[in-house]
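Just so we're on the same page: letters track the sequence lines, and every chain starts at 1. These numbers come from the heavy atoms of this one structure, side chains and all, not from hydrogens, waters or symmetry mates. All of these numbers come straight from a predicted model, not from anything done at the bench.
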Amino acid sequence: MNRYDHKTVEQKWRDAWNEAKVYRTTEDSNKEKFYILDMFPYPSGAGLHVGHPKGYIATDIISRYKKMNGFNVLHPMGWDAFGLPAEQHALKNKVHPSINTNENIARYKEQLEKISINYDWERELSTTDPDFYKWTQWAFIQMFKKGLVYESNEPINWCPSCKTGLANEDLEDGRCERCDSEIEKKPIRQWIIKITDYADRLLDDIDKLDWQESIKESQRNWIGKSEGAEIDFKIKDSDDKIKVFTTRPDTLFGATYMVLAPEHSLVQEWLSKLENKAEVEKYIKETGKKTHIERGDMTKEKTGVELKGVKAVNPVNSDELPIYIADYVMADYGTGAIMAVPAHDERDYEFAKKYGIDVRQVVRKVFGEPLENPVPRVAVGAVIYNHKTGKYLIQYSKEFKEHSFVFGGVEDEEDYIKAAIRETLEETGYKTKFIKYLTDETEAHFYHPGKKVNRALFSRRVLLEVTDDTPETVSEEELKKHTPVWLTESELFEKIITDGDKFALESLHDTKVYTGKGNLCNSSKFDGMNSEEAKKAITEFVGGKMTISYKLRDWVFARQRYWGEPIPLIHCVECGVVPVPDDELPLVLPEVESYEPTGTGESPLAGIDEWVNTKCPSCGGDAKRETNTMPQWAGSSWYYLRYIDPHNDSALVDKEKEKYWSPVDFYVGGAEHATRHLIYARFWHKFLFDIGVVSYSEPFTKLQTVGLIMAEDGRKMSKRWGNVINPDDVIDEYGADAFRTYEMFMGPFDQAVSWSTKGLLGPKRFLDKVWKAQEYVNESTSNNNVQKQLNKTIKKVGEDISDMKYNTAISQMMIFVNTIEKEKSVTKNDFESFLKVLSPFAPHITQELWSKLGNETFLIEEQWPEYDKGNLIEDTVTIAVQVNGKVRAELTVPAGISEKDIKVLAMADEAVDNWVKKTGNGLVKQFIYITGRVANIVVQ
RNA sequence: GCUGGAGUGGUGAAAUUGGUAGACACGAUAGCCUUAGGAGCUAUUGCCGCAAGGCGUGGAGGUUCAAGUCCUCUCUCCAGCACCA
């Protein structure tokens, strides 16, 4: 037998498959379809590294498996080729970006073909191809016509280095995702798509998707829906009003000041009449200088300036409220203005404390459910600190056998502090002074067993400190009920059991603001109402309206760069903005002399007069073309539809074909697209659904993310670190089959793992053993062990491929080959079945062996083998015998053995017998038998 | 801070969902072989211990005949969002 020569064999079969066009897919209504898709790559100059194909290999395995199971499988590939790197390359080398792009595509394709991913290359597409972007432009025009597109001059994210505007999705921690520059806010003329019109549908339909929870959650987060109310605050002696968005209208009575974002338009309007104009202007200027990152830093102290000379009026009680500007309020969320409720919002509390603003409690935390005929009582609970010993004093109730704060009623003419000090003296004998409140007023409902009444208890908790170490004598009566106890801090946290006391202890060191819900107080006629009801009632009372706010922003869709789809709009003096007529699509990107971005907010296209100057399609008069281009996300938002019908001249996709193939059954790609591509594509798809182009409302039924492959040093593979491994080298040395199998064997598919060339040897050796196993193929004997393992293998590999558990599928196949090696015998039939099962992972070596065994077909066109269920059952099983849960013996017994027989056999075992005697005087209390697995003898 | 996920040998990892923890690999150790290779074969390989045995799935409790798996608390790491009102 020859040594396996992967180079020759792999090339031979690649050629044969290509020639036979085994990859080609056509519609076939007799077969069930399966559309499996990889996120198409951006073809960068660096070529593929070893991490890129991981997802492609996985989809290829599923695709081959599905095909062998009778599905009509669509598995295409294309190129997301617009984008900055190609443009930068063009700038540097003074050649058109398409030249470089095409070179890169050719290189990528060559690399992919070496791995023998079974793509239907006849459906290949590139977003830069005018025949493709014709339909990107067409869809955009449809959006324009539906009023989903608008022009804006509002400040947007501007990358000073890329010299272009960017969408929120293009930022990473306030920096440009591409070049890492800090983003500025700059007013630029922009085209914007109203993706927020779809926010609710994008959010609601997430529930329908078979996606990983983490991705779904990121999308929910990104959309950031929050329900609340818009409420107007009048300005004193003026017709102006401030509109605020709040999720807590129930706390309106607790509003003690207002805050506007420094960018708020009212601030500019009021500037001239402010008493401290200079100070305000200075603050606005400073805020403007701050980067996104600085401003977002929550750990820094809050700052702000009061607008002196204006006051707002609280609509619910006519209180006059001071108005501040502060950079903790953002211009682009909600209405850019808030009502501040320091008692129930941490940020407002911090700010109020710093500027000496009132804190007014309006919500009480509630413990327990309200009971019938409650008897109300006002009380105070105290914990007493002794700074000399560092211990805390509470009391132990002899009656209820529990620890609690020192507790007592607040008498008339007494406040909480007085009552706490008096009660402490009476019950413990210690003289104390007040340190601080641990809680606002809380409300507790419970049955009082001593007094036999339902209690509604209103209380605050306080922290006191002893002023005299020697306690006075406590009355006999008190001592019968309670014992005072001194505890260390950790003991204190351990012993305290009531919810109210526990809640108070959270504020022992830092005062915590209560931001939860509860029952209203200090809110006149709304007192006693719970937060949920009060939200509606108060909003209605002040004439506000319940609204919904989103974190998702509209999609900034224009880029001031060259290498993108031209936005197909025309500016006409007479008619306004008019879309390019359908018959003039595609609007082809013109040649330019310089690709250099102008940096003025105009794209390089603006310099080509003969292109810019055109006639208005509506009135025929002089007009100018829009010169901005689309963002890179445009083409990728719908490319998966084009694979279905890649050469259609008259429609984005043929309706019948779309119905047959859509939606994508399985989509595999990187998790980094969770809130970018995957949001845009869902939006674009829903729009196409609304205008009747597609028949399903969600594009990707099932989504699976790929875990990154890191370099051997644990870092990301990057030119910068010099740790990149090229798949070409690996394939050259070990073969594509070994490469494919190793990538799938490395670990769970969605987990990041480090590349290990040593680790690659495992799968490589496995394939060598498969090659060697052909020696053991013989017609006569059918070995029982081999048969059993084969059945197990067919079953497990099939199941594991469906679950994307490739690593365990491969380990089962390794077990099978190890079995052949041990038994030195396998029938031709069994070996052929095994080759089929292995073929999706290692298509070349299996095809070669298949052919060597005298077959003339292609394995990919074979049927997936069936397994014999009967043959999966073992004749004998090994049972672990435990005594009191510890394994003391193993018994090999016939599979169908009864519990009775097992018991007899187990008890007869010498070791078991010894342990039974040793641990439990030979008395068996219980015998448990789990069929085929374990028997447990419980003694004593 | 919030949300999602994960902690198991020297390493990558398995574990039929409550039933013999560490399958399958990598690496390591010892031996064999020789077409000296990134080869192959055999044996060993969770930790402590000569052994009997004990311990062991981030930590602490709990439920159970039985816990990596369920419950409570807690620590660490990764990812996403983040002054979102």
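A:T757 comes within 4.0 angstrom of a nucleotide base, judged by non-hydrogen atoms across all strands. Within the nucleic acid shown, A:Y734 comes within 4.0 Å of at least one base atom, counting heavy atoms only. Using a 4.0 Å heavy-atom distance criterion, A:T878 is classed as a base contact.
Of the candidate nucleotides B:rA14, B:rA39, B:rG19, B:rA14 has the atom lying nearest to any side-chain atom of A:P748. Proximity note for A:E213 (side chain, C-beta onward) versus B:rA13, B:rG53, B:rG5: the nearest is B:rG5. Among the nucleotides B:rA23, B:rA25, B:rU3, the one closest to any side-chain atom of A:F745 is B:rA25. Comparing B:rG4, B:rU20, B:rG54 against the side chain of A:E217 picks out B:rG4 as the nearest.
One can place CG of A:N818 at 9 Å from P of B:rU42, the figure rounded to the nearest angstrom. To the nearest angstrom, C1' of B:rC24 lies 15 Å from CG of A:L838. The CD-C1' distance, from A:E230 to B:rA85, rounds to 12 Å in whole Å. A:F766 places its CZ atom 12 Å from the P atom of B:rC26, with the value rounded to the nearest Å. Across the protein-nucleic acid pair, A:W211 atom CH2 and B:rG4 atom C1' stand 15 Å apart, rounded to whole Å. Computed from coordinates, the A:L761 CG to B:rC24 P distance equals 18 Å when rounded to whole Å. The CD-C1' distance, from A:E775 to B:rG40, rounds to 12 Å in whole Å. The nearest whole Å value for the distance from the CZ atom in A:R220 to the P atom in B:rC2 is 19 Å.
Regarding contacts with the backbone of B:rA13, a side-chain N or O of A:Q751 is found under 4.0 angstrom from either OP1 or OP2. Considering only side-chain N and O atoms, A:R765 lies under 4.0 angstrom from the phosphate OP1 or OP2 of B:rG40.
Under the side-chain hydrogen bond (donor to acceptor under 3.5 Å, both in side chains) criterion, A:E217 pairs with A:R220, not counting sequence neighbours. Evaluation of the ring pair (Phe, Tyr, Trp, His ring centres under 6.0 Å) rule for A:Y328 yields A:F351 as partners, not counting sequence neighbours. Take A:Q882 and apply the side chain to side chain contact (heavy atoms under 4.5 Å, CB included) test, not counting sequence neighbours, and it matches A:V887, A:V934, A:N936. Not counting sequence neighbours, the partners of A:R248 by the side-chain hydrogen bond (donor to acceptor under 3.5 Å, both in side chains) test are A:D250. For the side-chain hydrogen bond (donor to acceptor under 3.5 Å, both in side chains) test, no residue two or more places apart in sequence or in another chain qualifies with A:N791. With sequence neighbours left out, the side chain to side chain contact (heavy atoms under 4.5 Å, CB included) criterion links A:D768 to A:K764. Residues passing the salt bridge (Lys or Arg N to Asp or Glu O under 4.0 Å) test with A:R360 are A:D319, sequence neighbours excluded.
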- [ ] Go through A:K225 and A:D200 one step at a time and tell me if the salt bridge (charged side-chain N to carboxylate O under 4.0 Å, His left out) criterion holds.
- [x] CA-CA 8 Å; A:K225 180 177 181 170; A:D200 260 322; 2.7 Å; yes
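The P atoms of B:rA39 and B:rU29 are separated by 14 Å, rounded to the nearest whole Å. Across the P atoms, B:rA6 and B:rA14 are found 12 Å apart, a figure rounded to whole Å. For B:rC33 and B:rA23, the C1' atoms lie 30 Å apart once the distance is rounded to whole Å.
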Open item on the list: For nucleotides 55-70 of chain B, give me one character per nucleotide, 5' to 3': B if any protein heavy atom sits under 4.0 Å from the base, S if the only such contacts are to the sugar-phosphate, - if neither.
Closed with: S---------BS----
Open item on the list: What does the B/S/- profile of nucleotides 79-84 of chain B look like, 5' to 3', with a 4.0 Å heavy-atom cutoff to protein?
Closed with: -BSBBB
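Annotation: of the two residues near RNA chain B, A:T246 and A:Q812, the 5′-most nearest-nucleotide partner is A:Q812. Heavy-atom distances to RNA chain B give each of A:D768 and A:S214 a nearest nucleotide, and the one nearer the 5′ end belongs to A:S214.
Judged by a 6.0 Å distance limit and a 45° cone about the ring axis, A:K792 is not positioned over the six-membered ring of A:F816.
Less than 4.0 Å separates RNA chain B from at least one heavy atom of each of the following residues of residues 798-808 of chain A: A:K805, A:N807, A:T808.
On a pure distance criterion of 3.5 Å, no polar donor-acceptor pair joins the side chain of A:R888 and the base of B:rU20.
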Only distances under 3.5 Å count here; give the side-chain donor-acceptor pairs of residues 340-347 of chain A to other protein atoms, sequence neighbours excluded, each with its distance to 0.1 Å.
from, atom 1, to, atom 2, distance (Å)
A:H344, ND1, A:Y514, O, 2.9
A:H344, NE2, A:V362, N, 3.0
A:H344, NE2, A:V363, N, 3.1
A:D345, OD1, A:R347, N, 2.9
A:D345, OD1, A:R347, NE, 3.2
A:D345, OD1, A:D348, N, 3.0
A:D345, OD2, A:R347, NH2, 2.6

Side-chain donor-acceptor distances from residues 330-339 of chain A under 3.5 Å, at least two apart:
from, atom 1, to, atom 2, distance (Å)
A:Y333, OH, A:S226, OG, 2.9
A:T335, OG1, A:K243, O, 2.7
A:T335, OG1, A:F245, N, 3.4
A:T335, OG1, A:A337, O, 3.3

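With a 3.5 Å ceiling on both atom-pair distances, B:rG9 lacks any Watson-Crick or G-U wobble partner. Base pairing of B:rA43: its partner is B:rU29, meeting the Watson-Crick or G-U wobble criterion (both donor-acceptor distances under 3.5 Å).
No donor-acceptor pair under 3.5 Å is formed between the side chain of A:Y355 and the backbone N or O of A:Y324.
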